[in-house]
2 protein chains.
Amino acid sequence: MEDKIRTLLKGYGLSITESRLGVLQFFYSNNGAMTHADIEKQAGNKMDRVTIYRTLQTFEEKGIIHSIPSADNMVRYALCKEQCTAGHHHDNHVHFLCNTCGKTSCLDHVLVPKVKLPKGFLPSESNMVVRGTCNLCRA
Amino acid sequence: MEDKIRTLLKGYGLSITESRLGVLQFFYSNNGAMTHADIEKQAGNKMDRVTIYRTLQTFEEKGIIHSIPSADNMVRYALCKEQCTAGHHHDNHVHFLCNTCGKTSCLDHVLVPKVKLPKGFLPSESNMVVRGTCNLCRA
DNA sequence: GTAACTGCAAAATATTTGCATCCTT
DNA sequence: AAGGATGCAAATATTTTGCAGTTAC
């Protein structure tokens, strides 16, 4: 696992550091979206708040993670699954935000549908967030 | 115009105050989505920052405005066009965020399409934001 | 007159920046 | 060794809360 992460970082031209390994670990083991606060909590006092900000920013710029729009004011991040390159994200999947457990999941296999826009509007990318009850909370 | 707004407020059981009239004026004349900062700027120093927070919160609770999730993580608000009631929003339309002018528009006639979710996921509401270039900026 | 709304002050949170130090390559 | 990354301190920015004074009805 750690090897996989190291390779990933190298592939993006980033140096391998404690913090970056740590944050990526969280993303891989959590398998969902996380806020800055989630990461901070999970890191305990091992990681400086500022470092987390900078790490997330770097990861997003490089295309390792993407931010998920939400109506509740909290920025969430999740791993990019497809070929995201610096500055160009292709996370063309739907996100699901559970009203019960609060977790956000990437529905990797549900693509954001194209919509017909009014005359004159030129789309470049779309985002879709569905709220409701997730598979685990319905059980 | 002001009469229309007064009637609206009354209809929602809210008392008619300077601030509320003002904020609604902005929404009606702007015909787009606005952030808290937009409103504050537009109000100059006429309106207290805190009052704006509370006004927006009240309006959202009552179903007069709805918040729009966005990928750049700034909460935007726009008028509800359909029959939104307290706690129950039905702004089932797509939002368009222009990368050039930064304005967010409600595409009232473009409905958010239904998507087929994985087994176990129960949707309650959906949001969709398309980014790109708006009709005005393409001219 | 009463309940609701506002403004001010201040607390609580969240985010950004500068810089000296440490780590990766 | 050199450039990049981190940690700390502090500057900014954002949001929330309490309360006294004011306003709408």
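Just so it is clear: chains get the letters A, B, ... in the order the sequence lines come, proteins before strands, and each one is counted from 1.
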For nucleotides 4-6 of chain D, list the nitrogen or oxygen atoms of the protein found under 3.5 Å from its nitrogen or oxygen atoms, one pair per line.
from: D:dA5; atom 1: OP1; to: A:R20; atom 2: NH1; distance (Å): 3.0
from: D:dA5; atom 1: OP1; to: A:R20; atom 2: NH2; distance (Å): 2.8
from: D:dT6; atom 1: OP1; to: A:T17; atom 2: OG1; distance (Å): 2.9
from: D:dT6; atom 1: OP1; to: A:S19; atom 2: OG; distance (Å): 2.8

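Nearest heavy atoms, A:R138 versus B:G120: CD-O, 3.1 Å.
Taking every side-chain heavy atom of A:Y53 into account, C:dT15 is the closest of D:dT15, C:dT15, D:dC25.
Atom pair B:K10:NZ and D:dA24:P shows a separation of 13 Å (rounding to whole Å applied). Protein atom CD of B:E40 is 12 Å distant from nucleotide atom C1' of D:dT15, rounded to whole Å. Atom CZ in A:R49 sits roughly 12 Å away from atom C1' in C:dA12 (whole-Å rounding). To the nearest angstrom, P of C:dG7 lies 9 Å from CD1 of B:I52. The distance from atom CG of A:L9 to atom P of C:dC23 is 18 Å, rounded to the nearest whole Å.
Of the possible polar contacts, one joining the A:D48 side chain to the A:V50 backbone as a donor-acceptor pair under 3.5 Å is found. The closest donor-acceptor contact from the side chain of A:R20 to the backbone of A:S15 lies under 3.5 Å. B:T55 contributes a side-chain N or O that, together with a main-chain N or O of B:T51, makes up a donor-acceptor pair within less than 3.5 Å.
Checked against A:R131 for a side-chain contact (heavy atoms from CB on, under 4.5 Å), the options B:S124, B:P69, B:P123, B:S126 give a single hit: B:S124.
Direction of the helix axis in the helix from C:dG1-D:dC25 to C:dT25-D:dA1 shifts by 40° between the two five-pair termini, rounded to 10°.
For the pair B:R6 and B:V50, both in contact range of DNA chain D, the more 5′-proximal nearest nucleotide belongs to B:V50.
Aromatic ring centroids of A:Y77 and A:H66 lie 6.0 Å or more apart.
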